[in-house]
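Structure first, then comments.
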Amino acid sequence: MSLPLDPTGEPSPAERSTPVRAPLSGEALNAVEERILAPLNEAQRRAVTTTAGPLLVLAGAGSGKTRVITHRIAWLIQHEGVAPWKILAVTFTNKAAAEMRDRLHEMIGESARDVAMGTFHSLCARMLRRDGEAIGLPKGFTIYDADDQARVIKGFLKEDDLPATGETKPSLILGAISRAKNDGLTADQMEDRAITHHERLVARFARRYAAELKRLDAVDFDDLLLEGLRLLQEAPAVADRYRAKWEYLHVDEYQDTNRIQYTWVRELAAKHGNLCVVGDDDQSIYSWRGADIRNILDFERDWPTAEVVPLEQNYRSTQTILDAAHGVVSNNQGRKKKKLWTELEGGDQITVYGAFDPEDEAAWIVRRIEEASAAVTGRRADAPEPVSLNGIAILYRTNAQSRAIEEALLRSSIPYQLIGGTRFYQRREVKDALAWLRVLRSDTDRISYERILNVPPRGIGDKTIELLRAAAAPSVNAPDGTPFGHVIAAAGRGEVAGVNTRARNSLAGIADVISRLRDRIAAVTLPELLDGVYSESGLRAHLASEGVEGEERWANLLELRGISGRFMELAPLDALDRFVEDTALVADQDAFDGDAERVTLITLHAAKGLEWPTVFISGLTEGLFPHSRSLMDQEQMEEERRLCYVGITRAKRRLSLSYALRRGWGDGDGAPSRFLAEIPEELLDVANDDDPRADGETRFGR
DNA sequence: CGTACCCCACTTTTT
DNA sequence: GTGGGGTACG
Ligand SMILES: Nc1ncnc2c1ncn2[C@@H]1O[C@H](COP(=O)(O)OP(=O)(O)OP(=O)(O)O)[C@@H](O)[C@H]1O
């Protein structure tokens, strides 16, 4: 994917032989250096060539912040003679890292491979994989996603005979645990601080949860960051190695870093202070998962010697779009005011459509897309250039809103790609297959073992699993418990009392398949290994007997097999580990294909950092956007507004806004979103102006 | 004891 | 349409 094969390691011989040019300051610029600076404006050049010490680029949307990081890295390598592996760039998604590496490759060639790039999570994962033992983390730890986490909590609930609903709903408990962890609290501290009944309950679960994950050699997403930080704080030798290794640090989308990430960066930059962060406080949209806007606002206080470079020219949008975005976000308090202008004066008005219901709204959007892209048949000679479908995106607040739009697109046979929603890697059959891969590499990962035990159904039910859990639990002879993989093998040999014959035979069969597959790992490629998993686990035969749905699931397994082929250049064992790790850390955006001739359907959150010539924002209805759960709280309302700013500024040329008066589900009617009234009226072209709902002075409740 | 089937509540945003 | 949980049957 996006990272060099071992971004945390020492340079390989090949890396070392990458020619490193001596610093050149003072000399005339060579052709490559010209190419690096040419596509930049004056302010961007200043940011790119300011290489020593802390640097903050705080600037509005589309002002070329990401471009600054890319070109700055190129400049460091080409002009300053910095070795590529001494440079680190943290991006918001792995996709963004991959794109940055591609751009870099175009500019400077092969040495782009050696720059360390990735998300906070993937970088921490790789550091921990390599050095985690220094803080007591086993090398082969497993990364648990939300579903795995929920299974751990459900196990507790079962032990305690508690329901998985109401105040003991797993997602609720996990959310509370996550928030506490991101605030830097341990389970002990949570217990000390707990006041309400529910807080005490959560604190107790937090303690059990932490102990259980430890036993399973598993970490969750929060742990990746926390342990990554602990590595820097509690393993001085390791920390110093990384501080010496990465001499130049870059962080994109800095406004959405949380406290742990902030401290992690500070630890890494402590020695040299060569830290370049870029971001836009108006685009901070992840406070609900711990992001703290103060990280960027306080940068100059944290780094008193920081250079601050504002970027004021927007290269993405028309002035109309920028004015609309500004009209909305300027209603927020306590933001840093930033200039933003564009050479693209004027531009198309923003179309607004007030629909009766979501279906009507979707139909209108589809009609507009058909009009704009009416390339294929019956195009009028005077019609504007038809737009291609990959230049169109439809944005919405919640995943559920995509349904009505999807249906309308399907009816009109307009191809689309849906980003997010039920993600590929969390589909049941895909997770089952991945669980098989995980048990090949772990004896302790109970959650993965339990997943595969009865898929396909083979006579191992709740009762048997309970017996196995009991056998794996800590006891007098085994104070740390017994690895689940060993328990399964033992049960297959009839060494666990109470397991019935059918289950016992199945368990023996599973243990046998696991050991056979393990023997094969080193000898076959990853796709071949997956073939083995599919046939020997019985997954393949099971799906073959499941009709149309089984066929779809089987197609997903084949797709997974195809993806696994990307790791062919690695040794089989490394390929397996990398594949399992990467699949745990993919972001929604990673699935986005900007070249595909399709309309993109995507949430406003996932659209951050992307851009399209034509953008629709749908569902601008009070209660939906802004969301009803944000109506009561000023801070949350401001975040919704920033989200609106992000959405508007994704558009390069044409923007359409729509709302439905009757919402699809839930509580009754919605009024047009307040954000519509915050856009200067002269920028708007109300499509159904003759409609009494949207008329005159009172339009949008102005 | 396990499986198949039916019914329920559910949908803010995600690494 | 969804997935998970509860219940009835084999
Ligand atoms: N100096 C420049 N000249 C022309 N185009 C530029 C320049 N700098 C950036 N761009 C283009 O402007 C667009 C926005 O750039 P970029 O994504 O780097 O901005 P950003 O500030 O990171 O945006 P956002 O914060 O909205 O994600 C891109 O299409 C980029 O190629």
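All figures in this text were calculated on a predicted structure; none of them were measured in a lab. In what follows, chains are A, B, ... by sequence order, proteins preceding strands, each numbered from 1.
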Take A:Phe92 and A:Tyr286 through the test ring pair (Phe, Tyr, Trp, His ring centres under 6.0 Å) and record every step on the way to the result.
CA-CA 12 Å; A:Phe92 203 68; A:Tyr286 282 97; 5.3 Å; yes
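- At whole-Å resolution of the value, CD1 in A:Ile460 and P in B:dT3 are 9 Å apart.
- No salt bridge links A:Arg335 with A:Glu638; every basic N to acidic carboxylate O contact stays at or beyond 4.0 Å.
- Note: CG (A:Leu468) to P (B:dC1) measures 13 Å, nearest angstrom.
- The side chain of A:Gln636 lies closest to B:dT12 when the candidates are B:dT12, B:dT3, B:dT15.
- Judged by the 6.0 Å distance and 45° axis criteria, A:Arg641 is not positioned over the aromatic ring of A:Phe675.
- Note: CG (A:Leu467) to C1' (B:dG2) measures 14 Å, nearest angstrom.
- Salt-bridge formation is detected for the pair A:Asp147/A:Arg451: a Lys NZ or Arg NE/NH1/NH2 atom is positioned less than 4.0 Å from an Asp or Glu carboxylate oxygen.
- Across B:dT14, B:dT11, B:dT12, the shortest atom-to-atom separation from the side chain of A:Glu640 is found for B:dT12.
- Residue A:Leu172 contributes atom CG, which lies 10 Å from atom P of B:dT11 at whole-angstrom precision.
- We find that A:Arg230 and A:Glu227 are joined by a salt bridge, their nearest charged nitrogen and carboxylate oxygen being less than 4.0 Å apart.
- The nearest whole Å value for the distance from the CG atom in A:Leu224 to the P atom in B:dT15 is 13 Å.
- A donor N or O paired with an acceptor N or O is found under 3.5 Å between the base of B:dT15 and the side-chain atoms of A:His121.
- Taking a centre distance below 5.5 Å and an interplanar angle below 30 degrees as the stacking criterion, A:Trp288 does not stack against the six-membered base ring of B:dT12.
- The pair A:Arg469-A:Glu450 counts as a salt bridge, with a side-chain nitrogen and a carboxylate oxygen less than 4.0 angstrom apart.
- Under the Watson-Crick or G-U wobble criterion, with both distances below 3.5 Å, C:dG1 has no partner in any strand shown.
- A distance-only check finds no donor-acceptor pair linking the side chain of A:Ser442 to the backbone of A:Arg438 [under 3.5 Å].
- Using N1 to N3 plus N6-O4 or O6-N4 for Watson-Crick, or N1-O2 and O6-N3 for G-U wobble, each under 3.5 Å, B:dC10 pairs with nothing.
- Rounded to an integer number of Å, the gap from A:Tyr396 OH to B:dT14 C1' is 14 Å.
- Between A:Asn182 atom CG and B:dT15 atom P the separation is 15 Å, expressed in whole Å.
- Contact annotation: A:Thr603 reaches the phosphate of B:dT14 (side-chain N/O to OP1 or OP2, under 4.0 Å).
- Residue ring and base: A:His605 does not count as stacked with B:dT13 (centre distance below 5.5 Å and interplanar angle below 30° not both satisfied).
- Which of B:dT11, B:dT15, B:dG2 sits closest to the side chain of A:Lys169 comes down to B:dT11.
- Donor-acceptor pairing under 3.5 Å is lacking for the side chains of A:Asp292 and A:Thr257.
- Ranked by how close their nearest DNA chain B nucleotide is to the 5' end, A:Arg629 and A:Gly498 are led by A:Gly498.
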For nucleotides 3-10 of chain C, read 5' to 3', which letter fits each nucleotide if B means a protein heavy atom sits under 4.0 Å from the base, S means only the sugar-phosphate is that close, and - means neither?
--S-----
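- The 5' end of DNA chain B is approached more closely, in terms of each residue's nearest nucleotide, by A:Gly459 than by the other of A:Gly459 and A:Asp588.
- Residue A:Arg397 has its side chain nearest to B:dT12 when only B:dT12, B:dC1, B:dT15 are considered.
- The listed nucleotides are B:dT12, B:dC1, B:dT3; the one nearest the side chain of A:Asn500 is B:dC1.
- Here the nucleotide nearest the side chain of A:Thr398, chosen from B:dT14, B:dT12, B:dT11, is B:dT12.
- For the pair A:Leu225 CG and B:dT15 C1', the interatomic distance rounds to 8 Å; values are reported in whole Å.
- Relative to the side chain of A:Asn399, the nucleotides C:dG1, B:dT12, B:dT14 differ in distance, and B:dT14 lies closest.
- At a threshold of 4.0 angstrom between heavy atoms, the contacts of A:Tyr286 are confined to the sugar-phosphate backbone, with no base atom among them.
- Using a distance-only test at 3.5 Å, with no hydrogens or angles considered, a donor-acceptor pair links the side chain of A:Arg101 to the main chain of A:Val115.
- An OP1 or OP2 oxygen of B:dG2 is reached within less than 4.0 angstrom by a side-chain nitrogen or oxygen of A:Thr464.
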